[in-house]
Amino acid sequence: MALVVLVANQKGGVGKTTTAVNLATALAAIKRRVLLIDLDPQSNATSGLGIYSSKLGSTYELLIQTRNLSEIMLTTDIPGLTLVPSNVNLIGAEIELVQVPDREKILKKSIEPYRDMFDYIIIDSPPSMGILTLNGLVTANGVLAPLQCEYYAMEGLNQLVNSIKRVRSVLNPGLRIFGVLLTMYDKRNALSLSVENDAREMLGEKVFNTIIPRNVKISESPSYGKPVLIYDVKSVGSRSYMELAREFLEKERKYGWRKN
Ligand SMILES: Nc1ncnc2c1ncn2[C@@H]1O[C@H](COP(=O)(O)OP(=O)(O)O)[C@@H](O)[C@H]1O
Ligand SMILES: [Mg+2]
């Protein structure tokens, strides 16, 4: 049964989409069956895989319950990686779902019949704490939070931790924090080191040893519609995401993330 990983942080531009796409690709590269769900109306995970529109539907149709998952999921150019695309319609979901009972549980229910088809379901979330991210938090076994090595990095993280606590107490008691991932790290910049020190001091083992450096290949790859692992497999960006996948699997075993 798939382990569901929500990539989340209430700040924008911290590396959520990059991490969701490249962790999904790295896991697929080591022969895991991966479903990537794009839960952000900005659809960067979708376009980042070279898909610009889908007549078949998107996460929007999933949430308003006019299509089921098998109707909208797409195979990608990457063997083992399946995508549930997003599109801009998803902006409307917030308002359209207001009257729907149990609206925060729709995503969870809609993936339930398909969980055995995959080893991992990775969800990319928008930078806000609305109904979309809430559906992600209710569905996930755990959260992976990218932390950009910049000013105020810890603020977004504190907000996320508070949301996780609230969701645990009522909607998803088993929700874990899989880990915090330092992204866009620049070792020439003292700020990166200071964010790293703060994060490791506050969060200890929750911070992945793997660090994602600031790397131009990572920032170029989305405009080619490719994960960096496909765009330039030898780049430091690619290697760091492969390392993240390995560390993730190691921690999954060590901490028994698949057990309740
Ligand atoms: N490690 C990195 N090195 C360089 N650029 C990066 C890196 N990670 C992300 N980016 C770029 O930074 C921007 C924001 O990243 P993104 O993953 O879209 O963040 P989010 O999904 O949190 O908004 C994008 O243009 C992305 O290509
Ligand atoms: Mg994003």
Side-chain angles (χ1 to χ4, degrees), residues 5-26 36-52 58-59 83-88 90-91 93 122-130 132-133 135-137 140 143-157 159-160 163 179-189 191-193 195-196 199 207-245 247:
V5 183
L6 180 74
V7 181
N9 183 324
Q10 274 146 275
K11 282 189 79 173
V14 298
K16 288 184 292 297
T17 300
T18 305
T19 298
V21 167
N22 287 294
L23 178 61
T25 304
L36 176 64
I37 300 179
D38 190 347
L39 199 54
D40 185 351
Q42 288 192 8
S43 318
N44 296 334
T46 303
S47 59
L49 285 172
I51 293 159
Y52 301 95
S58 69
T59 358
L83 173 74
V84 174
S86 161
N87 68 36
V88 72
L90 199 51
I91 292 175
I122 306 218
I123 307 173
D124 184 28
S125 63
S128 57
M129 194 53 229
L132 298 172
T133 304
N135 264 274
L137 288 168
V143 175
L144 192 164
L147 189 71
Q148 188 187 359
C149 298
E150 269 301 332
Y151 285 112
Y152 310 121
M154 303 305 274
E155 269 178 28
L157 196 65
Q159 289 171 23
L160 178 67
S163 307
V180 170
L181 175 68
L182 300 168
T183 62
M184 297 184 231
Y185 193 93
D186 179 356
K187 60 176 186 281
R188 291 162 305 182
N189 185 339
L191 187 57
S192 281
L193 187 63
V195 172
E196 179 184 4
V207 183
F208 285 100
N209 292 323
T210 306
I211 291 176
I212 310 298
R214 190 172 275 287
N215 174 246
V216 66
K217 298 292 179 187
I218 292 181
S219 54
E220 284 171 8
S221 59
S223 56
Y224 295 88
K226 289 178 180 165
V228 72
L229 275 146
I230 305 293
Y231 175 65
D232 185 347
V233 69
K234 293 196 179 117
S235 62
V236 288
S238 292
R239 279 185 275 141
S240 58
Y241 275 108
M242 281 305 297
E243 198 179 307
L244 173 67
E247 186 181 357

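Whatever order the structure lists ligands and atoms in, that order sets their numbers, starting from 1. These numbers come from the heavy atoms of this one structure, side chains and all, not from hydrogens, waters or symmetry mates. Count residues from 1 along the sequence.
- When hydrogens are left out, the protein atom nearest atom 27 (O) of ligand 1 is S219 CA, 3.6 Å; that is the closest non-hydrogen contact.
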task = Take S86 and D40 through the test side chain to side chain donor-acceptor pair (under 3.5 Å) and record every step on the way to the result.
result = CA-CA 7 Å; S86 161; D40 185 351; over 6 Å; no
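- Across every non-hydrogen atom of V88 and S43, the tightest pair is N-OG, 4.2 Å.
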ask   = Are C149 and E196 close enough, and set up right, to give a side-chain contact (heavy atoms from CB on, under 4.5 Å), and what steps lead you there?
value = CA-CA 7 Å; C149 298; E196 179 184 4; 5.7 Å; no
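- Minimum heavy-atom separation, S163 to L137: CB-CD1, 4.4 Å.
- Residue V14 has at least one N or O atom closer than 3.5 Å to an N or O atom of ligand 1.
- Salt bridge status for R214 with D186: absent, with no side-chain N to carboxylate O gap under 4.0 Å.
- Of the N or O atoms in N215, one or more lie within a sub-3.5 Å distance of an N or O in ligand 1.
- Among the atoms of T17, an N, O or S atom falls under 2.8 Å of the Mg ion (ligand 2).
- Counting the atoms of ligand 1 from 1 in the order shown, those under 4.0 Å from a heavy atom of I212 are 1 (N).
- Listed by atom number, the atoms of ligand 1 under 4.0 Å from P213 heavy atoms are 1 (N), 2 (C), 3 (N).
- Of the polar atoms of K11, none of the N or O atoms is found under 3.5 Å from an N or O of ligand 1, judged by distance alone.
- Looking at ligand 1, you won't find any N or O of N44 less than 3.5 Å from one of its N or O atoms.
- The shortest contact between atom 13 (C) of ligand 1 and any protein heavy atom is with M184 CE, 4.8 Å.
- Polar contact with ligand 1: absent for G12 (N/O pair, distance under 3.5 Å).
- The minimum heavy-atom distance linking Q148 with V195 is given by the pair O-CG1, 4.3 Å.
- Using a non-hydrogen distance threshold of 4.0 Å, G13 registers as a contact of ligand 1.
- Environment of NZ in K11: crowded, with over 12 heavy atoms of neighbouring residues, nucleotides or ligands closer than 6.0 Å.
- At least one heavy atom of G15 sits closer than 4.0 Å to an atom of ligand 1.
- Near T18, with a cut-off below 4.0 Å to any heavy atom, the atoms of ligand 1 are 8 (N), 9 (C), 15 (O), 16 (P), 17 (O), 26 (C).
- Annotation: atom 18 (O) of ligand 1 to nearest protein heavy atom, T17 CB, 3.9 Å.
- In this structure, atom 22 (O) of ligand 1 is in close contact with the protein, since a protein heavy atom lies within 4.0 Å of it.
- Protein heavy atoms are found less than 4.0 angstrom from atom 7 (C) of ligand 1.
- Of all heavy-atom pairs between P146 and A8, the closest is CD-O, 3.6 Å.
- The side chain to side chain contact (heavy atoms under 4.5 Å, CB included) test with V84 singles out one residue from D38, T59, L36, L39, and that residue is T59.
- Residues S192 and K187 are not in side-chain contact: their nearest non-hydrogen atoms beyond the backbone lie 4.5 Å or more apart.
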